[in-house]
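See structure below.
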Amino acid sequence: MQDHACVPLSDYQEFSPEEMLNRAKTFYASCQRRHTIRSFSDRPVSRELIETCIRAAGTAPSGANHQPWHFVAIQDPDVKRQIRQQAEALESSFYAGRAGEEWLGALKPLGTDAHKPYLENAPWLIAIFSQKRGGIHAEDNQLNYYVHESVGLATGFLIQALHQAGLVTLTHTPKPMSFLTEVCQRDADNERPYMLLIAGYPAQDATVPEHALVKKSLDEIATFI
Ligand code: IYR
């Protein structure tokens, strides 16, 4: 006997094997067209589009379905300016040596540096926070589980939702990120900044580093036993 209420799975969609393979191939081809972009147009993007993508992110699986995430969607120019100033100050010391030689060497093929104009130019910044405590209802105060895994999944959903909608993104992790808590006025005791996503249209002259196009082969990433 089940001691928990359930409803029938009524929205599952089955496809023929041929259609399944087609859909998988189409999705893979779309994933191959997703690139991390570092130069953004200032063309506006509607709030409704960002809201819809965040709703999609909020459907991600999470530990005990506690949904231990919070998304702060920023379009206010003053807030963006503060984030740019603080991120660039941190990144300056990072690139000046704090990162260490090995890390800086790994970043060389990407051509990144401390200059982050997109933090002001792009129409939307989305600061993602993880929550230590919470629960299935926003007002709950239970311990959350698998927080990092859950928020990583939701972030992946968000990146893919934005890509499927036709926007480009940059995953940005200024180090340390704690300044985002203050700028976004979040509760430092319960929440931790997880990642900053930049979203918008690509600039006309946007480029992709060749290095970023190298993806491991199926043989390298998978084993079938
Ligand atoms: N946070 C820095 C450095 C950086 C680190 C990694 I690992 C990257 O893949 C890219 C950048 C920055 O945003 O420039």
Side-chain angles (χ1 to χ4, degrees), residues 31-42 45 50 57 69-77 79-130 147-149 151-163 167-184 186 188 191-203 205-217 220-221:
C31 290
Q32 288 181 300
R33 290 192 300 271
R34 187 205 57 80
H35 306 293
T36 290
I37 292 300
R38 291 189 173 78
S39 99
F40 285 78
S41 156
D42 60 5
V45 168
I50 301 300
W69 44 64
H70 190 84
F71 301 89
V72 179
I74 302 151
Q75 60 173 342
D76 183 325
V79 178
K80 286 197 221 165
R81 194 172 316 117
Q82 287 178 51
I83 291 179
R84 178 179 180 184
Q85 278 169 359
Q86 302 219 40
E88 285 189 336
L90 291 166
E91 296 285 303
S92 295
S93 64
F94 175 89
Y95 283 99
R98 181 162 50 87
E101 225 171 276
E102 186 171 2
W103 197 345
L104 291 177
L107 293 181
K108 230 181 191 140
L110 296 176
T112 55
D113 58 28
H115 189 52
K116 310 287 182 199
Y118 43 77
L119 292 175
E120 278 188 273
N121 299 346
W124 290 97
L125 309 182
I126 307 174
I128 303 160
F129 291 84
S130 63
V147 172
H148 225 72
E149 292 84 347
V151 182
L153 286 162
T155 301
F157 275 39
L158 179 57
I159 292 169
Q160 197 54 248
L162 292 162
H163 170 62
L167 296 179
V168 295
T169 55
L170 167 65
T171 41
H172 184 38
T173 48
K175 200 172 153 70
M177 267 191 297
S178 38
F179 73 90
L180 286 174
T181 301
E182 210 176 303
V183 174
C184 298
R186 301 304 302 170
E191 291 190 358
R192 244 196 218 160
Y194 181 81
M195 191 172 283
L196 185 60
L197 267 193
I198 293 94
Y201 291 95
D205 59 355
T207 59
V208 180
E210 280 179 22
H211 175 83
L213 296 175
V214 181
K215 297 296 176 196
K216 289 180 181 169
S217 69
E220 290 170 312
I221 65 169

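All of these numbers come straight from a predicted model, not from anything done at the bench. Just so you know, ligand 1 is whichever comes first in the structure, and atom 1 is the first atom listed for that ligand.
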Show me the pairs that pass side-chain hydrogen bond (donor to acceptor under 3.5 Å, both in side chains) and involve residues 167-178, at least two apart or across chains.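 Every candidate side-chain hydrogen bond (donor to acceptor under 3.5 Å, both in side chains) pair involving residues 167-178 fails, so no pair, neighbours aside, qualifies.
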Taking only heavy atoms of [X] into account, list the atoms of ligand 1 that are under 4.0 Å away from them.
X: Phe94; result: 3 (C)
X: Thr173; result: 1 (N)
X: Lys116; result: 12 (C), 13 (O), 14 (O)

Purely on distance, is any nitrogen or oxygen of His172 under 3.5 Å from one on ligand 1? yes
How about Leu196 and Leu170: do any of their side-chain heavy atoms sit closer than 4.5 Å? no
In this structure, are over 12 heavy atoms from other groups packed under 6.0 Å from [X] atom [atom1]?
X: Glu182; atom1: CD; value: no
X: Glu220; atom1: CD; value: yes
X: Arg192; atom1: CZ; value: no

Which heavy atom of the protein is the closest neighbour of [atom], given with residue, atom name and distance?
atom: atom 3 (C) of ligand 1; value: Tyr95 OH, 3.3 Å
atom: atom 7 (I) of ligand 1; value: Trp103 NE1, 3.4 Å
atom: atom 2 (C) of ligand 1; value: Glu91 OE1, 2.7 Å
atom: atom 8 (C) of ligand 1; value: Leu107 CD2, 3.4 Å

Structural part of Lys175 in contact with ligand 1, heavy atom criterion under 4.0 angstrom: neither
So that I can tick it off, tell me whether Glu120 and Lys80 are bridged by a salt bridge, with the cut-off set at under 4.0 angstrom between side-chain N and carboxylate O.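 No, Lys80 and Glu120 are not salt-bridged.
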Nearest candidate to atom 9 (O) of ligand 1, where distance is taken over non-hydrogen atoms, out of Thr36, Asp113, Leu110: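 It is Leu110 whose heavy atom sits nearest to atom 9 (O) of ligand 1.
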Return the set of residues passing salt bridge (Lys or Arg N to Asp or Glu O under 4.0 Å) with Arg98 (not counting sequence neighbours), or none when no residue passes.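 If we apply the salt bridge (Lys or Arg N to Asp or Glu O under 4.0 Å) test to Arg98, skipping adjacent residues, there are no hits.
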